[in-house]
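By convention in this document, chain letters (A, B, ...) are assigned in the order of the sequence lines, proteins followed by strands, and residues within each chain are numbered from 1. Model, not experiment: these values are computed from the prediction.
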2 protein chains.
Amino acid sequence: MNFSIAEENYIKAIWRLQQSDANVTTNELAAELQTKPASVTDMLKRLSEKKLLNYAPYYGVKLTADGKKLALSIIRKHRLWEYFLVEKLQFNWDAVHDIAEELEHVSSPELIERLDAFLGYPKADPHGDPIPDSKGRMTSISNLTLQQLPEAQPAIVTGVGDQSSSLLELLRQKNIGIGTKLEIKQRHAFDGSVEIKIRNQPLINLSEQLAKNILVKPQ
Amino acid sequence: MNFSIAEENYIKAIWRLQQSDANVTTNELAAELQTKPASVTDMLKRLSEKKLLNYAPYYGVKLTADGKKLALSIIRKHRLWEYFLVEKLQFNWDAVHDIAEELEHVSSPELIERLDAFLGYPKADPHGDPIPDSKGRMTSISNLTLQQLPEAQPAIVTGVGDQSSSLLELLRQKNIGIGTKLEIKQRHAFDGSVEIKIRNQPLINLSEQLAKNILVKPQ
DNA sequence: ATTAAAATTTAGACGAAACTAAACTTTTTT
DNA sequence: AAAAAAGTTTAGTTTCGTCTAAATTTTAAT
Ligand SMILES: [Mn+2]
Ligand SMILES: [Mn+2]
Ligand SMILES: [Mn+2]
Ligand SMILES: [Mn+2]
């Protein structure tokens with residue numbers, strides 16, 4: 001079966017919200033998709049009709065197995081294209097999301113398998129988010145934030161809290177990216193900010209807000 | 001300004017038909033786009049409203065300068081993606097058209113400039129069709145067909161008459177592609193077929209119909 | 001347990017892009 | 001020049017995806 005761009009964007013948004021919230025509501029979706037609750041209700045009925053989700057009026061929505069499969073196939077395309085844009089076309093990591101938002105709707109499965117091979121079967125996108133394989137399997141992402149990291153514990157950056165260009169731009173400016181090795185030298189009780197050290201670079205200070213949005217894996 | 005996928009496909013089709021036929025008619029367009037004449041009339045009014053073409057009811061249509069510019073930018077995207085699919089993703093040349101038909105509508109200009117650079121600024125797509133540069137300029141394609149080539153005149157294949165997969169598949173099977181060097185050894189008056197020689201390969205026979213659809217440049 | 005607030009759905013409308021059937025123009029034939 | 005054929009447009013529907021305003025239901029507060 002073939003789905004419209006609007007339908008695919010809804011399914012992807014529902015999947016994302018479902019990660020933190022078992023039941024996804026109409027208002028959450030309207031906010032996520034920058035649209036109106038009434039429009040969401042209309043679309044939920046159509047998607048329910050197509051068996052991509054179970055819709056309980058007034059109580060929200062949950063993806064079916066088919067819905068999840070579709071969501072993961074779109075996420076796979078999105079993240080592979082993002083990887084392509086950064087690794088092959090030299091885009092900055094904060095410039096690729098909107099373009100991938102369009103590319104993810106190109107429908108050829110053959111295209112995406114060949115792209116995957118061409119890229120060398122990458123495991124994660126430029127933001128550290130895992131890329132589902134062709135069967136929809138993927139590794140789960142680290143859930144330890146830099147803010148939670150103990151002092152003097154060396155760690156490696158594995159991801160970011162969100163894809164907002166304000167966050168990504170700030171990190172780029174501070175020379176922090178996926179794979180950056182760092183450790184906390186000092187933690188300030190007053191404002192929750194941290195002094196961190198990256199090899200060959202001077203100490204830098206990160207706000208608590210920023211430290212909460214950097215995912216790390218202890219080394 | 002931003003245009004819908006349907007609008008872009010109409011503009012591209014009009015451009016193509018305009019190459020052979022100064023004035024493009026409703027029926028021609030309906031056939032080209034696999035739709036109904038009434039639908040074409042509807043769309044022509046909208047595109048005329050948007051100043052992409054001049055529409056004279058009952059007498060057909062011609063692109064404005066803006067319309068031509070848009071057409072060339074879509075053609076540029078289409079052909080660059082086709083080149084990418086063949087050269088980087090190893091698709092056969094008869095498998096790329098439909099995918100490029102989708103990719104050409106991804107709207108980022110930055111994307112297409114970077115793709116062009118990544119590909120090394122190719123001059124022609126896998127079917128020998130010239131790729132317009134970012135300003136819409138392109139070289140014109142050879143207009144000499146293999147059928148018109150004199151006997152014993154060495155020549156190089158530069159393009160094909162159309163993009164149908166039946167033609168492309170047949171040529172692939174006969175080991176004829178862009179850049180193939182060949183010459184006519186004999187011409188059969190009875191059916192217009194030709195015997196051609198490619199280096200290191202046995203003589204092969206091509207029907208008149210096929211020879212008319214291979215573009216060549218004498219060497 | 002009522003009432004107030006928040007969330008959600010329904011009703012009715014609209015624009016885009018398609019369709020069929022009918023009407024109208026232009027072109028071709030006789 | 002009239003009639004027939006071909007080509008094109010108009011009129012009226014349909015589906016998709018959106019919107020606003022009003023009605024309804026659920027949840028929270030008194
Ligand atoms: Mn998208
Ligand atoms: Mn990403
Ligand atoms: Mn297209
Ligand atoms: Mn081509």
Side-chain angles (χ1 to χ4, degrees), chain A residues 1-15 17-18 20-63 67 70-71 74 101-102 104-107, chain B residues 1-14 17-18 20-63 67 70-71 74 101-102 104-105 107:
Chain A
M1 220 199 225
N2 235 37
F3 301 98
S4 72
I5 291 175
E7 287 171 330
E8 291 190 349
N9 284 335
Y10 268 88
I11 291 296
K12 196 156 61 94
I14 294 165
W15 189 90
L17 293 172
Q18 211 172 251
S20 36
D21 217 347
N23 228 53
V24 179
T25 69
T26 303
N27 263 10
E28 280 176 319
L29 264 173
E32 178 82 9
L33 290 163
Q34 316 237 70
T35 182
K36 295 290 138 74
S39 307
V40 173
T41 301
D42 284 352
M43 181 60 99
L44 292 183
K45 285 182 195 159
R46 274 194 293 274
L47 294 175
S48 168
E49 202 60 44
K50 295 188 178 185
K51 309 280 187 216
L52 293 174
L53 48 79
N54 293 117
Y55 171 50
Y58 290 101
Y59 288 92
V61 94
K62 267 185 85 162
L63 293 180
L70 176 58
I74 304 164
E101 204 57 49
E102 292 188 52
E104 71 189 0
H105 304 291
V106 174
S107 62
Chain B
M1 217 196 226
N2 236 36
F3 301 98
S4 72
I5 292 174
E7 287 171 330
E8 291 190 349
N9 284 335
Y10 269 87
I11 291 296
K12 197 156 60 91
I14 293 165
L17 294 173
Q18 211 172 250
S20 37
D21 217 347
N23 229 53
V24 179
T25 69
T26 304
N27 262 10
E28 279 177 321
L29 265 172
E32 179 81 9
L33 290 163
Q34 316 238 69
T35 182
K36 295 290 139 73
S39 307
V40 172
T41 300
D42 284 351
M43 181 60 99
L44 292 184
K45 285 182 195 160
R46 274 193 294 273
L47 295 175
S48 168
E49 203 60 44
K50 296 188 178 184
K51 310 279 187 214
L52 293 174
L53 47 80
N54 293 117
Y55 171 51
Y58 290 103
Y59 289 91
V61 96
K62 266 185 85 161
L63 293 180
L70 177 58
I74 305 163
E101 204 56 49
E102 292 189 52
E104 71 189 0
H105 304 292
S107 62

Colleague: Keeping the roles fixed (side chain from A/Asn9, backbone from A/Leu33), state whether a donor-acceptor pair exists under 3.5 Å.
Modeller: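 Here the side-chain-to-backbone pair does not exist.
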
Colleague: Where the side chain of A/Thr26 is concerned, which of C/dT8, D/dT8, D/dA21 is the nearest nucleotide?
Modeller: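 My answer, after comparing the listed nucleotides, is C/dT8.
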
Colleague: Tell me: CE of B/Met43 to C1' of D/dT9, nearest whole Å?
Modeller: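 For the pair B/Met43 CE and D/dT9 C1', the rounded distance is 17 Å.
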
Colleague: Using whole Å, what does the distance between atom P of nucleotide C/dT26 and atom OH of B/Tyr59 come to?
Modeller: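 It is 5 Å, rounded to the nearest whole Å.
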
Colleague: Base, sugar-phosphate, or nothing: which does B/Pro57 touch, judged by heavy atoms less than 4.0 Å apart?
Modeller: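 Answer is sugar-phosphate: B/Pro57 comes under 4.0 Å of backbone atoms only.
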
Colleague: Any side-chain N or O of A/Asn27 under 4.0 Å from OP1/OP2 of C/dT8?
Modeller: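 Affirmative; the distance criterion is met.
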
Colleague: What's the CZ-P distance between A/Arg46 and D/dT14, to the nearest Å?
Modeller: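 Spelled out: CZ on A/Arg46 to P on D/dT14 is 17 Å.
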
Colleague: Find out whether B/Phe3 and B/Leu52 are in side-chain contact, i.e. whether some heavy atom of one side chain is under 4.5 Å from a heavy atom of the other.
Modeller: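 When only atoms from C-beta onward are counted, B/Leu52 and B/Phe3 do touch, with a gap below 4.5 Å.
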
Colleague: Nearest-Å distance, CG (B/Leu33) to P (C/dA17)?
Modeller: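 After rounding, the gap between these two atoms is 13 Å.
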
Colleague: Report the distance from atom CD of B/Glu8 to atom C1' of C/dA16, rounded to the nearest whole Å.
Modeller: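 Whole-Å distance recorded here is 15 Å.
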
Colleague: Can you check whether B/Tyr55 has a side-chain N or O nearer than 4.0 Å to OP1 or OP2 of D/dT9?
Modeller: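 Yes.
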
Colleague: Both A/Ile5 and A/Ala38 contact DNA chain D. Taking the nearest nucleotide for each, which residue is further toward the 5' end?
Modeller: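 The residue whose closest nucleotide sits nearer the 5' end is A/Ile5.
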
Colleague: Can you sort out the partners of A/Ser4 under side-chain contact (heavy atoms from CB on, under 4.5 Å), two or more places apart, ordered by chain and number?
Modeller: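 For A/Ser4, the residues satisfying side-chain contact (heavy atoms from CB on, under 4.5 Å) (neighbours in sequence not counted) are A/Ala6, A/Glu7.
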
Colleague: For the residue pair A/Val61 and A/Leu47, establish whether any side-chain heavy-atom pair is separated by less than 4.5 Å.
Modeller: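 Counting from C-beta outward, A/Val61 and A/Leu47 never come under 4.5 Å.
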
Colleague: Figure out the CG/P separation between A/Leu29 and D/dT18, and round it to whole Å.
Modeller: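 The distance from CG of A/Leu29 to P of D/dT18 comes to 12 Å, rounded to the nearest Å.
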
Colleague: With respect to the phosphate group of D/dT10, does any side-chain polar atom (N or O) of B/Lys45 fall under 4.0 Å of OP1 or OP2?
Modeller: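 Checking B/Lys45 against D/dT10: at least one side-chain N or O falls below 4.0 Å of OP1 or OP2.
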
Colleague: OP1 or OP2 of D/dC19 versus the side-chain N and O atoms of A/Ser39: is any pair under 4.0 Å?
Modeller: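 Answer yes for this pair, as a side-chain N or O of A/Ser39 is under 4.0 Å from OP1 or OP2.
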
Colleague: B/Asp42 CG to C/dC19 C1': how many Å, rounded?
Modeller: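 Value for this atom pair: 10 Å.
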
Colleague: Below the 4.0 Å mark, does D/dG7 have OP1 or OP2 next to a side-chain nitrogen or oxygen of B/Thr25?
Modeller: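 It does not, given that no N or O in the side chain of B/Thr25 lies less than 4.0 Å from OP1 or OP2 of D/dG7.
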
Colleague: Please check the phosphate of C/dA23 (OP1 and OP2 only) for any side-chain N or O of B/Tyr58 closer than 4.0 Å.
Modeller: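 Checking C/dA23 against B/Tyr58, no side-chain N or O comes under 4.0 Å of OP1 or OP2.
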
Colleague: Are OP1 or OP2 of C/dA17 and a side-chain N or O of B/Thr35 less than 4.0 angstrom apart?
Modeller: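 Answer no for this pair, as no side-chain N or O of B/Thr35 is under 4.0 Å from OP1 or OP2.
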
Colleague: Let me know the distance between CZ of B/Phe3 and C1' of C/dA16, rounded to the nearest Å.
Modeller: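 Rounded to whole Å, this separation is 15 Å.
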
Colleague: Looking at A/Tyr10, I'd like to know whether one of its side-chain N or O atoms comes within less than 4.0 Å of OP1 or OP2 on D/dT18.
Modeller: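 Looking at the OP1 and OP2 atoms of D/dT18, one of them is under 4.0 Å from a side-chain N or O of A/Tyr10.
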
Colleague: Indicate yes or no: at least one non-hydrogen side-chain atom of B/Leu70 is less than 4.5 angstrom from one of B/Leu63.
Modeller: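 Not in contact.
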
Colleague: When we call it a touch if two heavy atoms are under 4.0 Å apart, what does A/Thr41 touch: a base, just sugar-phosphate, or nothing?
Modeller: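 Base contact.
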
Colleague: Check whether any side-chain nitrogen or oxygen of B/Lys36 sits under 4.0 Å from OP1 or OP2 of C/dT20, and answer yes or no.
Modeller: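 True: B/Lys36 side-chain N/O within range (under 4.0 Å) of C/dT20 OP1/OP2.
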
Colleague: Contact between A/Trp15 and A/Leu53 at the side-chain level, heavy atoms closer than 4.5 Å - yes or no?
Modeller: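 Contact flag for A/Trp15/A/Leu53 side chains = no.
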
